[in-house]
Amino acid sequence: MTNIPKHYDPSREDEIYARWLERGYFNAAVNEERAPYAIMIPPPNITDKLHIGHAFNAAVQDVLIRAKRMQGYEALWMPGTDHAAISTEVQVVKAIAKEGKTKEGMGREAFLARVWEWQEEYGSTIVNQFKKIGASCDWERERFTMDEGLNAAVLEAFERLYNEGKIYRGERLVNWCVKCRTTISDAEVEHEDGEGRLYHFSYKLADGSSTISFATTRPETMLGDTAVAVHPEDERYAAFVGKKVIVPLFEKGREIPVIADSYVDREYGTGVVKITPAHDPNDFEIGVRHKLPIINIMNDDGTINENGGAYTGLTREEARAKIIADMTASGLFIKEEKINHAKGTHDRCHEVIEPLVKLQWFLQMEELAKPALEAYTSGKLKFNRERYGKIYAHWLNNIRDWCISRQIWWGHRIPAYYCEAGHVTVSKDAPVACGTCGATDLRQDEDTLDTWFSSALWPFSTLGWPNKTKELDYFYPTNVLSTAQEIIFFWVVRMVFMGMKFMGDIPFTHVLIHGTVVDEHGKKMSKSVGNGIDPLEVVEKFGADALRLTLLNGNAIDSNTRFYWERVEFSRNFMNKLWNATRFVLMNLEDGSVPVFGENIPALPVEDRWIISHANALVREVTEKIDAHELGMATQKIVDFIWDEFCDWYVEMVKPRLRNAETKPQALGTLIRVLSRCLKLLHPVTPFITEDLFLALNKDAETVMRAPWPTFDAEKEDPQAEKDIEAIKELVRGVRNIRSEKQVPPGQKITVQIFPSDEKMHGLFSQCVPFILVLCNASEIELLGSAPASGEGVVSLVVVGATVYLPLASLVDSEKERVRLTKEQKRLTQEITRIDGKLANEGYMAKAPAQLIDAERAKRVEFAAMLEKVEAELKGMVK
RNA sequence: GGGAGCAUAGCUCAGUUGGGAGAGCGCAUGCCUUACAAGCAUGAUGUCGUUGGUUCAAGUCCAUCUGUUCCCACCA
């Protein structure tokens, strides 16, 4: 009969995607006739494989882009990848280790050549995976953070910031990862709570008069102590200030001063703090204030350096143990206690961070932060939830200078050059001579830039900056930046201040922060736990549409989403429902019927007017929800409409008309009209199936992707039709309920007698007889002119606009009927009492909106009429 | 230490200007009704975490407590 398969099969997705690509539907170009709409993809790392988080974020962005594209915007979704400095370098180092090589052994150039090879081999993996899930990025514009153009942007930005004095080089305390052997920024430090030990020791005064005791969690840093500090107003120690104490760990001991600084908390511990400027941020500050010497005691690998005397060469842990032992031997160890405290660790490798003083490059943040903060406080930059804006503002308010140099090779090499004399020349183009002394023998800085430096420029570097391009003019600032909460300070903040700095404007107007996809128990998915879901496995089994629908449907965008397979099955089932609804329409077209699209809507049957009115309202709701970035709600509304209203009610209602050659064309017209609208509305969420079905339904159409988005039309609103059909649905539900309750066999046809409450209802029911018959599984519908004489074996049912009688003879137990009707009587009486209570409430009458009061009054009238009928039925039974 | 979120049906969750509690899954019952059993129909289940406050009206706003999750953080 039909060659369309009975079940939906997602295996054609690749083919559909290829066709879109081929036809260039994803491409966007400067077009003054259209308004621009742009989203810059958060570039995935080249080391990444598509995980469920990428898939979720991609789905969100793709919905927005596809909807806006259909709405007539020139919609650009800019794709690309990030070089992911440390992550990539670590991966490649691992790879070459298997060949017995080290990066130092290979040398910088050979190693980088190797990373580029690696990038070429694996860098496109993630891109292809994005395609697999239907992302409609403009792939012809794909960028990479280390491609030529972006490299130029990075150098330009560095040079300008340096020339303005915003980038400086200095010895500062930085976060040092002894495993990766590089500095990392504050944002990359994770604090992990763990059990630690607090050790209490004493130092003797140099004059031998007394001792002073203190506590530390890191005894090994005692090797770098250059002072002991107390609070200036602490009377207990007033006499000690200015005296010397002895750090005993060295052969001759080292004398260090007792200083007074208000940083010290008198209440905490003994009120004494040992000061190690080289290895603690606070101590560093105090060291600067008191001009204390800075003694670095640690090598880059975390072992004790030559300043550690007898401890030189030991690891951190070994040195700690030995110091405790030695202090104990000297009688200066007091006690140790277990405490909970947070340790800073590297977010990539989870190694404990060592604060070290190093010569590094920094970006001065104070001035850059101001306009970025202002952009938010002025309301220009918006977050989808205020609390995310607060996180943003809090970060900017507490910002410290950004350490931008990294001691790794993979990345943008810092464009600073040194001559023999040590002069620094910074230039985006490799200089031939020193800017200070003219020396020509120049050596470039070994360090590279933090990977986020180039990402910070992404919204404009991808559009051609520093060149003035028409793309920049047109698409910048972009519209939405979609990402997860933890990226706010890594990236969002930095894009904004760089955008303000170099473009004079925010990079995007809306920041959309979404939740995390977690496993079925609410746990974060992680490789080590092994609870991760591979999105490609989902695509393999159920298709990309089902994956996308699962991630979006019904989820509040800012809360975490639990992923479990039953949800995917539901999505798949919905795809199948949609598939079959369309298949049903197509089957009806197979006899050559030509649908008639009734332009004169008021002339259409009430069920058509109802579904058109309903679909019209849906368009408004969905459009509003998408504009508000509430995609879960938008999706759910479409799904509910298609399944509940369109399939379960409307399609059933028109079946009788489809069997009649005369009424069929018009019914087909409305079916196709409404279904096509649904497919358009759903297309951003499930692009593949909607394309397939839309083209099957609209033979002349080229694609649904570029079809105009449906628009809300106030003239199509038909509250009367909605009310009428609601009455009919209630009647049908009532009859079905009775059938089910009385266990009338499905095969048994029944007669439904309807006594309408007035002429208008009579007219309505008589129009709808054909489908009421089908929906109630009745053999006959009788429209009565008056209430029938009550009799045994008849069930009566009071609904809005009618009393319905079902002669079911022996199936009816009159006693049970009386109970049922009495229950109904009670319910209606309660409703009326409730409304009367409200209407008698002076406060309510005075302050509630008139609309609401009118609605309550109308309901009262309705309930009263129903109650009257129910009571009449009861009275009839008593007779 | 500071901040934020969440707590609604057995499970997972919607419920954004305060106006008579919802969905999916699961469960029960009956159906292969020629689009779909990946389906259809019918049904049962909630003191909307606690206590208080604002209001004519609170799942919704405010406060408190309890439980839970997350983020930030240099207290030795």
Side-chain angles (χ1 to χ4, degrees), chain A residues 1-2 4 6-8 173 186 189 191 198 214-218 221 229 263-265 267-276 280-285 341-342 344 355 385 387-388 390-391 394-395 398 485-486 488-489 515-516 518 520 522 524 553-556 558-564 566-567 569-588 628 630 632-633 636 639-640 644 647-648 651-652 655 732-733 736-741 743-747 774-775 777 831 834-835 838 841-849 851-853 855-856 859:
Chain A
M1 189 175 139
T2 174
I4 307 163
K6 203 169 162 184
H7 284 164
Y8 164 62
L173 199 80
D186 294 334
V189 178
H191 292 87
L198 185 62
F214 58 89
T216 178
T217 52
R218 297 193 302 154
T221 62
Y263 158 75
V264 180
D265 181 352
E267 310 298 321
Y268 192 90
T270 56
V272 181
V273 186
K274 67 184 215 50
I275 303 298
T276 321
D280 182 278
N282 293 311
D283 294 8
F284 182 80
E285 296 296 320
H341 77 136
R385 294 291 184 273
R387 62 175 186 273
Y388 299 130
K390 283 183 192 161
I391 291 174
H394 181 258
W395 180 262
N398 294 282
Q485 184 184 331
E486 66 263 28
I488 292 175
F489 24 84
T516 313
V518 294
E520 55 184 318
K524 224 172 182 174
N553 190 24
N555 293 324
D558 61 319
S559 62
N560 287 356
T561 299
R562 290 192 198 208
F563 183 97
Y564 43 93
E566 287 84 350
R567 291 187 61 197
E569 276 176 37
F570 171 78
S571 300
R572 187 270 316 267
N573 294 352
F574 173 72
M575 304 279 97
N576 192 50
K577 188 76 186 171
L578 184 60
W579 177 267
N580 276 293
T582 311
R583 180 166 156 257
F584 174 73
V585 175
L586 294 172
M587 285 166 71
N588 274 287
E630 298 293 346
M633 188 54 86
Q636 192 169 47
V639 168
D640 288 350
D644 300 339
C647 292
D648 288 348
V651 168
E652 296 306 321
K655 275 181 179 171
V732 169
R733 280 197 211 101
R736 284 169 172 174
N737 177 300
I738 304 257
R739 284 193 69 125
S740 173
E741 231 173 65
Q743 299 189 329
V744 180
V774 176
L775 292 170
N777 194 19
E831 291 287 5
R834 186 187 60 78
I835 293 173
K838 271 195 172 181
N841 183 330
E842 279 177 37
Y844 179 80
M845 295 305 285
K847 291 184 179 175
Q851 235 180 333
L852 203 69
I853 295 172
E856 291 288 346
K859 271 189 252 174

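By convention in this document, chain letters (A, B, ...) are assigned in the order of the sequence lines, proteins followed by strands, and residues within each chain are numbered from 1.
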Please name the pair of heavy atoms, one in A:K838 and one in A:E856, separated by the smallest distance, quoted to 0.1 Å.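 The answer is NZ-OE2, 3.7 Å.
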Quick check: closest heavy atoms across A:D280 and A:N282, and the distance to 0.1 Å? OD1-N, 2.9 Å
Could you tell me how far [M] sits from [N] if I compare only their [atom1] atoms? Round to whole Å.
N: B:C48; M: B:G15; atom1: C1'; result: 11 Å
N: B:G2; M: B:A14; atom1: C1'; result: 32 Å
N: B:C62; M: B:A4; atom1: P; result: 12 Å
N: B:A35; M: B:C27; atom1: P; result: 28 Å
N: B:A63; M: B:C70; atom1: C1'; result: 24 Å
N: B:U47; M: B:U55; atom1: P; result: 28 Å
N: B:A7; M: B:U60; atom1: C1'; result: 14 Å
N: B:A23; M: B:G19; atom1: C1'; result: 22 Å

Measure the shortest side-chain to side-chain distance between [X] and [Y] over non-hydrogen atoms and say whether it is less than 4.5 angstrom.
X: A:Y268; Y: A:V273; result: no
X: A:E630; Y: A:Q636; result: no
X: A:K274; Y: A:V272; result: no
X: A:Y388; Y: A:Q485; result: yes
X: A:N588; Y: A:F584; result: yes
X: A:L173; Y: A:E285; result: no
X: A:R567; Y: A:T561; result: yes
X: A:F570; Y: A:N553; result: yes

Determine, stepwise, if the pair A:F489 / A:D186 fulfils side-chain contact (heavy atoms from CB on, under 4.5 Å). CA-CA 10 Å; A:F489 24 84; A:D186 294 334; over 6 Å; no
How many whole angstroms separate atom [atom1] of [X] from atom [atom2] of [N]?
X: A:D558; N: B:C71; atom1: CG; atom2: P; answer: 16 Å
X: A:K390; N: B:C72; atom1: NZ; atom2: C1'; answer: 15 Å
X: A:F563; N: B:G24; atom1: CZ; atom2: C1'; answer: 15 Å
X: A:N737; N: B:U29; atom1: CG; atom2: C1'; answer: 13 Å
X: A:R387; N: B:C72; atom1: CZ; atom2: C1'; answer: 15 Å
X: A:E741; N: B:G30; atom1: CD; atom2: P; answer: 15 Å
X: A:R739; N: B:U33; atom1: CZ; atom2: P; answer: 14 Å
X: A:H191; N: B:A73; atom1: NE2; atom2: P; answer: 6 Å

Nucleotide of B:C72, B:U42, B:G24 approaching A:F489 most closely (side-chain heavy atoms):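 Side chain of A:F489 sits closest to B:C72.
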Could you run down nucleotides 53-58 of chain B 5' to 3' and tag each one B, S or - for protein heavy-atom contact under 4.0 Å? ---B--
N or O in side chain of A:R736 less than 4.0 angstrom from B:U42 OP1/OP2: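 Looking at the OP1 and OP2 atoms of B:U42, one of them is under 4.0 Å from a side-chain N or O of A:R736.
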Is any side-chain nitrogen or oxygen of A:Y268 closer than 4.0 Å to OP1 or OP2 of B:C75?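 No, outside the criterion.
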Run the salt bridge (charged side-chain N to carboxylate O under 4.0 Å, His left out) test against A:R218 and tell me which residues pass, sequence neighbours left out.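 Partners of A:R218 under the salt bridge (charged side-chain N to carboxylate O under 4.0 Å, His left out) test: A:E354.
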Got a sec, which residues hit salt bridge (charged side-chain N to carboxylate O under 4.0 Å, His left out) with A:E520, two or more places apart in sequence or on another chain?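 A:E520 satisfies salt bridge (charged side-chain N to carboxylate O under 4.0 Å, His left out) with no residue once adjacent residues are dropped.
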Contacts of A:T217 and A:A342 projected onto RNA chain B by closest heavy atom; the upstream (5') one is A:A342
5'-most contact on RNA chain B: A:E856 or A:V189, nearest heavy atom basis? A:E856
Want to know the stems of RNA chain B: at least 3 consecutive Watson-Crick or G-U pairs with distances under 3.5 Å, which are they? B:1-7 with B:66-72, B:10-13 with B:22-25, B:27-31 with B:39-43, B:51-53 with B:61-63
Is the backbone N or O of A:L775 less than 3.5 Å from a side-chain atom of A:R736, with the two atoms forming a donor-acceptor pair by type?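 Yes: the side chain of A:R736 pairs with the backbone of A:L775.
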Working note: A:K577 + A:D648, criterion side-chain contact (heavy atoms from CB on, under 4.5 Å); need CA distance, chi angles, decisive distance, verdict. CA-CA 10 Å; A:K577 188 76 186 171; A:D648 288 348; 4.1 Å; yes
Between protein and nucleic acid, restricted to nucleotides 35-39 of chain B and to nitrogen or oxygen atoms under 3.5 Å apart, what atom pairs and distances do you find?
from, atom 1, to, atom 2, distance (Å)
B:A35, OP1, A:K655, NZ, 3.2
B:A35, O2', A:N580, OD1, 2.7
B:A35, O2', A:R583, NH1, 2.4
B:A35, N7, A:K655, NZ, 3.4
B:A35, N6, A:C647, O, 3.2
B:A35, N6, A:E652, OE2, 3.3
B:A35, N3, A:N580, O, 3.1
B:A35, N3, A:A581, N, 3.3
B:C36, O4', A:N580, OD1, 3.1
B:C36, O4', A:N580, ND2, 3.3
B:C36, O2', A:N576, ND2, 3.1
B:C36, O2, A:K577, NZ, 2.9
B:C36, N3, A:K577, NZ, 2.6
B:A37, OP1, A:K6, NZ, 3.2
B:A38, O4', A:N573, OD1, 3.0
B:A38, O2', A:N576, ND2, 2.9
B:A38, N7, A:H7, ND1, 3.4
B:A38, N6, A:H7, ND1, 3.3
B:A38, N3, A:R572, NE, 2.9
B:G39, OP1, A:N573, ND2, 3.1
B:G39, O3', A:K577, NZ, 3.0

Using the 3.5 Å cut-off, write out each protein N or O paired with an N or O of nucleotides 7-17 of chain B and the distance between them.
from, atom 1, to, atom 2, distance (Å)
B:U12, O3', A:R562, NE, 2.9
B:U12, O2', A:Y564, OH, 2.9
B:C13, OP1, A:R562, NE, 2.1
B:C13, OP1, A:R562, NH2, 3.4
B:A14, OP1, A:S559, OG, 2.6
B:U16, N3, A:E630, OE2, 3.3
B:U16, O4, A:E630, OE1, 2.8
B:U16, O4, A:E630, OE2, 3.1

Using a 6.0 Å cut-off, check whether atom NE2 of A:H341 has over 12 heavy atoms from anything other than its own residue.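 Yes, the 6.0 Å shell around NE2 holds more than 12 heavy atoms from other groups.
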Sugar-phosphate, base or nothing in reach of A:W579, heavy atoms under 4.0 Å: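 Contact class for A:W579: none.
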